[in-house]
Structures are given as C-alpha cells and as structure tokens.
Amino acid sequence: MESRTTWRWNPVEGEYESGDPPAMQGTGEISAIEALSNKTIFLLGGTGFVGKVFLALILDRFPELKHLVIQARRKKNVSGEQRFYSEVLTSPPLQPIIHRAGGERVIRQKVQVVEGDLDQPLCGISPEDLERLKGKVDIVVNLAGVVDFDPPVNESVEPNVYGTQHIIELVQLLNAKLVHVSTAYVAGKKNGRISEDTAIPGYFPRRDEPGNNGMREEFSVAEELKWYEQFVEETRSTRATNPRPVRERLRAGGMNRAEHWGWTNTYTYTKSMGEQLIAATPGLAYAIVRPAIVESSLRFPFPGWNEGFTTSAPLVLMGGEGVKGWPVRKDGPLEIIPVDLVAAGILIVTAAVLCGKNKRVYHLASADENPIMLPRLVAFLGMNSRYKHKHKTSGSKLANAWKAYVETQVITVESLQARRARLHRGLDVIHATLTLGKTILGARKIDPYLKSLRDTRRQIRQQEITLDKFLPFMFHNSFIFETRNIQETARMLTNEDLKRIRWDPQTIDWADYWVNIHTKGIEKWIRPVFTASRHK
C-alpha cells in the first residue's frame, strides 16, 4: 500500500495536524478568512448530501462569516424552517458541528431559513423575505437540482434548466455573485483529458461531428426548450390513445434527446443547459463548479459519511451481495472525489469569487493528480465480498462460500450480455418447472417458490438497470478531468486558510479509502436504508 501523508482536523486547536510539514504553502493572493468575514451567503440545496457537508464545513471552519441564509422547501404540512431544524441540523454530519459551535442556539443566531421552491420564479421566496435580503447577500451558492440520471425529462428540465433561470433572476435582484455547482459530466461522451477552458454557450458533445446532411448542427437552449415544451405537450395529449405510461415515454424521450446531442443521460444534458443560461447572462459575476462522482467523506465531518443512492453506493452494495463480473475499461480511471473535498473546493471557489480572482469553471476530480484505475476498484469490490461472506453466519452456506471464494473478474460488455442471457434462460426453465409442478402438487406447495423466484428476478433486473446506468462512466468512456484551476486557486490561499481547508486529492491512499472508509461508510449509512426500501 502506498504511503501518503494523512491530515486530521483537530477541532480543539482549530487546524489540521500531521507529523509531516504541510505539502502546500499558500501565496496569500486570496484570504478566504478575510473574504468570508462579515459576509452573507445565500445557500440553495443545503439539505442534500453535498449541501449538508458544505454547511457543516463553513459553520465549523469559518466562524467569521456574518450570516448564512438557507432556502428550504416546504413538504406538505412541514414548513421549510421546521424541516431544516428537524432534518438537517439533526443529521449525522451536522451533529458534531453543532456541539462544537455551542449548541443550536448559536447556530440560530447565524442562520436564517427562508422557504422557497426552485420551480417557481425567484425560487419561490416571498416578497417580504426578498425585501429583507436585498442589498444584504454577497454571494449565492447553488447546490440544488435533480441528480437522477434518467428521470422523466420534465422532472429534470424543470429544476436544472428553468430552476437555474430562476436562480439567475434571484442573484440579479439581490445584486449578488453566484457559485453554481454542476457536474463534470456535462462534457458528454468523450475520452481523454477534459479541459476547463471549453466555451460553454452553444456547447454539445458532438459539435465537432458532421450532422446527418453533412452540415454541423448548432445547439441553442432556447430552441431546445421549444422542443421540450412541444414534446411534453404531445406526450400528454396522447395519454388516451398510447398504451405506454406517460412517465416512461417522458423518460425515454429525455434519454433519446440527450443521446442525440452526445450526452450520457438526461441529467448531464439538463445540467449543461443550466450552465449555458448562466454563461449567456450579461454582467453576471459567477463561477461554475463541476464535481466528478461524489463519494463518502475522506475525513470531514468524520470518515465514511455518505447519503443516498446517487454515487457508487449501488455498485458497492452489489459487490457486497456477490456480483462477480464487472465490465470496466482496463486502461481507464474512475473519476471519483470525496464529498468533503468537494465541499472544500466549493468553499475555495466561493472565496475566490468574493475576491474577484476566480476562473469561470472548476473541475473537482481526482484522476488528474491521483488516478484510481477501474480494474483496481474491481479488486476492491472483490475484497469486500470475500471478507463479508467468509464471516457471514446467516443464509445459505453454499452461496456464502461461492461469494467468498469465487474471484471477481473484469469482463467485457459482450461477456456481460452473454452471462445475462444464460441466467435468464435458467430462470425461465425454473419458472416453467415450477408452473408444471403447480398443476401436479397444487398452489399451496408451489406458490411460495414462485414468489421467491419473482423476488429474485426483480432483484437481478434492478442490478442490471443499475449497472447499465454506470456503463458510460466505467466502460464506454474514459474521462480525466483537468483540475488546474482549483489547484492554482488553492495555492493562492494564505497559510492560515490552509489550516482550515485544503484541496489535496493527491494525498488519498485509494486502497485505504475504498476498503476502510468508503465501503464501511456505505455499509453503515446506505445499506440499512437500501434494505428497508426493498422490504417495503
């Protein structure tokens, strides 16, 4: 295992500590402490996975911040403010921070919660709240949006495109600056190094390819939204005559449209359109932050914190359940980044924007400095499965032995499809045998076995769908996102800043992180939720 410096935050001393001297010394061109002192940040999306860690980081590390305004959506009869204090502040990443800060009373003095909704003009904030905020907000940090890869297209366009337009209008009304969090995968279907300098307006991944008539196509957000409105209207108007469910047609339509322009899914397609709206707004002071796949925390607020099913968690859970064949590229990395490094990167960019010394685009990724190759990740998945099932006392002893001792392999997509076909043929034979047995032995004896078979098929199908969603990132494309901008901006900080926040993916020991931090975090925080949802 490679040796790397490990940094630990000491909350008592208020700085990182290590037996080695800091690898990075700041030039002092930007002081995050001064930039955030006596400032007001308006945070959207503070209730999500990244949002909670960002919120915890800024409350813990920068007490100099004057005010933090947080938008929270109402849910049925629960107000946005009630949701924030009952759901967000009580969440695991915030609990140690509140304790160190001196309790909820101290937090309430710094934090103001306003109710709103991204789907509405000016983000649904009341005129009274807007009037109170005018001239008092220095910067808006937007972490909101829908992160599902392939939802019905309207469920992605509304928050990620129209919602971004509402944010722009809010920023302009408040006369503030903007840090907008997008995704590195707006690059679309690409291979190799992805630059941060590619022009945003009019971008689409296949723009350098000839169109159907030999002429290059042009991409326009305005024209795309016209297509979207027409498509949704036509899909809903044929509800009575088309047997396919409307949601499924909207889902397929969004994926097909993304595919046409060269994006991997509806999510990246709509996030790119949101970026283009920002870049096309005259006079807007902004920076766009593009994280890669966001994973469990490396060290803050504690190692292994994770939440939700939108990261590699489904793959880790599948590996733990004994999936042995993984279709990945043998020559490519997986672009992942721990959530606390993402939060630190966003905070560094926020300070740079406040100082007027920011770049337009920042990739937050790891392969540029410290790549983790995909075959190595497959080996880690196999290690997790072996360890788990060697010590498992419940379930089938034969199945546990197979999952513990059969090696995990890198396979091709063709091999994957052949394995699936053989598996489903076998399941069909079992179903036919049970159906025949039902006529002979009766339903009482056979129906429990048929139900078990249906459950098994449902679980296998869900695994197949999940794996297919990740194929663009593991097999079909190989990305290395250049991170020069965040590296340079981080070096501009003062040494005092670097005692509080660091951008240092080059220090990650991937074997230690994946086996001892990430996998254990998913088993602790994600698996119980995943298991409960399957048994509903």
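None of these values were measured; they are calculated from a predicted model.
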If you define the side chain from C-beta out and look only at heavy atoms, does anything of L250 sit under 4.5 Å from R247? no
Is there a side chain to side chain donor-acceptor pair (under 3.5 Å) between W514 and E295 once you walk through the steps? CA-CA 10 Å; W514 195 271; E295 299 292 5; over 6 Å; no
Less than 6.0 angstrom separating the ring centers of W261 and Y269, yes or no? no
Within the supplied structure, the quantity of interest is the number of heavy atoms (other residues, nucleotides, ligands) at a distance under 6.0 Å from H99 NE2; does it exceed 12? no
To the nearest 0.5 angstrom, please state how far the OG1 atom of T235 sits from the CZ atom of R249. 6.0 Å
Looking only at non-hydrogen atoms, find the nearest pair between H518 and S312 and report the distance. NE2-OG, 3.0 Å
Heavy-atom neighbours of K66 NZ exceed 12 at 6.0 Å: no
To the nearest 0.5 Å, what is the distance between CZ on F62 and CD1 on I41? 9.5 Å
Any side-chain heavy atom of T483 sitting closer than 4.5 Å to one from I486? yes
Flag side-chain contact, heavy atom, 4.5 Å: L44 against L143: no
Answer whether the closest heavy-atom distance between the side chains of V171 and K177 falls below 4.5 Å. no
Above 12 or not: heavy atoms from other molecules or residues under 6.0 Å from CG of N175? no
More than 12 heavy atoms of other residues, nucleotides or ligands under 6.0 Å from CD of E34: yes or no? no
Measure centre to centre between the rings of W263 and F219, then say whether the value is under 6.0 Å. yes
Can you find a pair of side-chain heavy atoms, one from E248 and one from R251, that are under 4.5 Å apart? yes
Does any part of the side chain of I194, heavy atoms only, come nearer than 4.5 Å to the side chain of I480, both counted from C-beta? no
Give, for atom CG of L334 and atom CG of L315, the distance between the pair rounded to the nearest 0.5 Å. 8.5 Å
In the structure I gave you, are the side-chain heavy atoms of I288 and Y362 within less than 4.5 Å of one another anywhere? no
Taking the six-membered ring for Trp, are the ring centroids of Y185 and F473 within less than 6.0 Å of each other? yes
Using side-chain heavy atoms (C-beta onward) and a distance below 4.5 Å, is V146 in contact with E155? no
Drop me the distance from Q112's CD to K136's NZ, to the nearest 0.5 angstrom. 9.0 Å
Parallel, tilted or perpendicular, judged at 30° and 60°: which one describes the rings of W227 and F231? parallel
With sequence neighbours excluded, tell me which residues meet ring pair (Phe, Tyr, Trp, His ring centres under 6.0 Å) with Y267. none
Counting only heavy atoms not in K359, do more than 12 fall under 6.0 Å of its NZ? no
